[in-house]
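Below is one structure, written out as structure tokens; the observations come after it.
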Amino acid sequence: MNDAFYELAELFFAYSFLAWLAETAVATFKEKDFKNRGFASGPFCFLYGFTGVLLTVFLQDLQGDLFFLFLGCTVIATAVEWYAGKLLARMKQKKWWDYSGKLWNFDGYICLQYSLLWGMLGCFAVRYGNGLVLGLFDLLPDAVARVFVWGLFVFGWMDLAGSVMSVYHLEKKLPGLFRWNRRLQAWTYQLTARLSGRIEQRFVRSYPSMLQEREHEEDEEMCSLVQLFWLFLIGAFLGDVVETIFCRLTAGVWMSRSSLVWGPFSVVWGLAIALATALLYKDRDKQDHSIFWTGVFLGGAYEYVCSVFTELCFGKVFWDYSEIPFNLGGRINLLYCFFWGIAAVVWIKVLYPHMARLIEFVLKKTGWMLTGLAVVFLTFNVWVSVLALVRYDTRSDGKQAVSQWEQSMDAYFYDERMERIYPNAIEQ
């Protein structure tokens with residue numbers, strides 16, 4: 001495990017702890033009573049740690065430009081907060097925080113004043129905070145720091161397990177899962193039961209409105225994982241078709257826009273459709289402009305993250321908007337963000353209801369057979385595509401094929417073929 005992993009882990013736990021201190025201090029000051037504001041039982045707000053790592057990984061290239069760094073931090077942190085709020089609300093609970101009483105809020109999950117605060121804190125963290133945190137950890141011997149990190153990982157997982165069990169009231173329903181090891185079962189059950197008891201009591205104190213609403217909640221319509229898989233597959237196909245036609249109309253050429261080596265599938269669009277459906281399908285009765293601005297904001301953040309992720313993993317830039325006005329690092333631009341907003345409205349309001357009925361019809365006719373075949377094909381396709389892209393990158397650096405898989409990639413996915421599949425891939 002390389003040093004980068006341990007550095008990111010140190011930042012994750014440091015920011016989680018500092019955020020817990022800040023959240024708890026502010027809440028305690030307001031309520032005149034001690035309040036533990038983290039989801040977990042321990043002194044950590046893991047959502048902040050996760051966001052700090054995201055900002056560190058994805059915004060390093062913006063450190064020299066304070067304005068765009070602030071903008072990037074604001075967008076990504078706000079997107080994380082909105083996603084987290086929506087996902088937590090799907091856990092058979094109500095809102096874990098509510099900004100409905102604040103100006104310029106959206107859905108009560110995000111609001112302008114906190115988005116600006118996240119932007120400022122993110123700028124400070126990326127430009128100065130990371131160096132301070134890592135400098136403190138450097139004072140520890142390497143062996144001690146690594147043992148400390150792994151100890152925090154173990155504690156964190158156990159703490160989160162207790163939190164999830166408390167939310168779903170599973171403490172008394174899960175012992176059978178641990179029959180493979182009676183001793184481990186007893187120890188794990190006792191530990192998680194204690195954590196769950198503490199968490200349940202803390203939820204009553206810190207989130208009384210949420211627990212009061214739990215008594216009156218009814219089972220809500222759920223979007224199943226099988227449906228999300230098919231939406232991903234359909235969205236990947238439609239996204240590739242739309243982008244191909246768009247390139248033909250604007251650039252006058254037919255150009256491959258696929259993310260995979262076999263078939264017209266755009267993974268970026270597929271994931272976007274699945275995520276948008278999971279988070280927005282219950283809001284489809286809202287006004288069009290509300291869904292539009294949600295798509296603009298979250299679509300832009302999503303595209304930016306995808307751009308940085310593919311560059312870090314494969315050493316290639318798959319799209320560059322540097323020549324388009326109002327762009328951010330060439331990764332996103334205002335015009336295409338508006339396209340994301342339009343796509344969100346069209347999908348949620350028009351296409352999704354028809355697609356949901358189509359998927360239900362297909363599943364009734366074919367059962368799990370077609371779904372199983374599609375999962376196997378897509379999994380194999382993604383795996384081969386990743387290997388082909390990795391080898392494409394290392395081959396461009398002059399590395400010779402040594403292992404069998406590298407030789408296979410060179411034989412079947414040589415440079416000319418990869419250039420046809422990924423014509424916009426630019427080496428970094």
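Since this is a predicted model, take the numbers as computed values, not measurements.
The closest side-chain heavy-atom distance from Val261 to Tyr422 is below 4.5 Å. Looking at Tyr15 and Thr51, their side chains never come closer than 4.5 Å, going by heavy atoms from C-beta outward. In this structure, the side chains of Phe232 and Ile273 stay at 4.5 Å or more apart for every pair of heavy atoms.
The environment of Phe50 atom CZ is sparse: at most 12 non-hydrogen atoms of other residues, nucleotides or ligands sit within 6.0 angstrom.
The list of salt bridge (charged side-chain N to carboxylate O under 4.0 Å, His left out) pairs with a residue in residues 48-59, not counting sequence neighbours, is empty. Applying the side-chain hydrogen bond (donor to acceptor under 3.5 Å, both in side chains) test to every pair with at least one member in residues 69-82, sequence neighbours left out, gives these pairs: Thr78-Ser115, Glu81-Tyr99, Glu81-Trp118. The salt bridge (charged side-chain N to carboxylate O under 4.0 Å, His left out) pairs that include a residue from residues 299-308 number zero, where partners must be two or more places apart or lie in different chains.
Annotation: salt bridge (Lys or Arg N to Asp or Glu O under 4.0 Å) contacts of Arg331 (sequence neighbours excluded): Asp61, Glu311. Checked against salt bridge (Lys or Arg N to Asp or Glu O under 4.0 Å), Asp415 has the following partners two or more places apart in sequence or in another chain: Arg395. A search for salt bridge (Lys or Arg N to Asp or Glu O under 4.0 Å) contacts involving Glu10 returns nothing, not counting sequence neighbours.
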Practice task
Go through the steps to decide whether Thr277 and Trp347 satisfy the test side-chain hydrogen bond (donor to acceptor under 3.5 Å, both in side chains), and finish with yes or no.
Solution key: CA-CA 8 Å; Thr277 304; Trp347 176 256; 2.8 Å; yes

Exercise for the section: Check the pair Val384, Tyr412 against side chain to side chain contact (heavy atoms under 4.5 Å, CB included), reporting the backbone distance first and the verdict last. Expected result: CA-CA 11 Å; Val384 173; Tyr412 293 101; over 6 Å; no

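Aromatic pair Phe339/Tyr336: centroids less than 6.0 angstrom apart. The ring of Tyr109 has its center no closer than 6.0 angstrom to the ring center of Tyr83. Ring centroid separation for the pair Trp150 and Phe153 comes in under the 6.0 Å cut-off.
When the options Trp293, Phe292, Trp269 are evaluated for a ring-ring contact (aromatic ring centres under 6.0 Å, His included) with Trp340, the one that passes is Trp269. The one candidate from Arg391, Arg417, Lys399 that meets the salt bridge (charged side-chain N to carboxylate O under 4.0 Å, His left out) condition with Asp410 is Arg391.
Atom CG of Asn381 is separated from atom CZ of Phe377 by 4.5 Å, given to the nearest 0.5 angstrom. Note that CG of Leu233 is 10.0 Å distant from CG of Leu238, once rounded to the nearest 0.5 Å.
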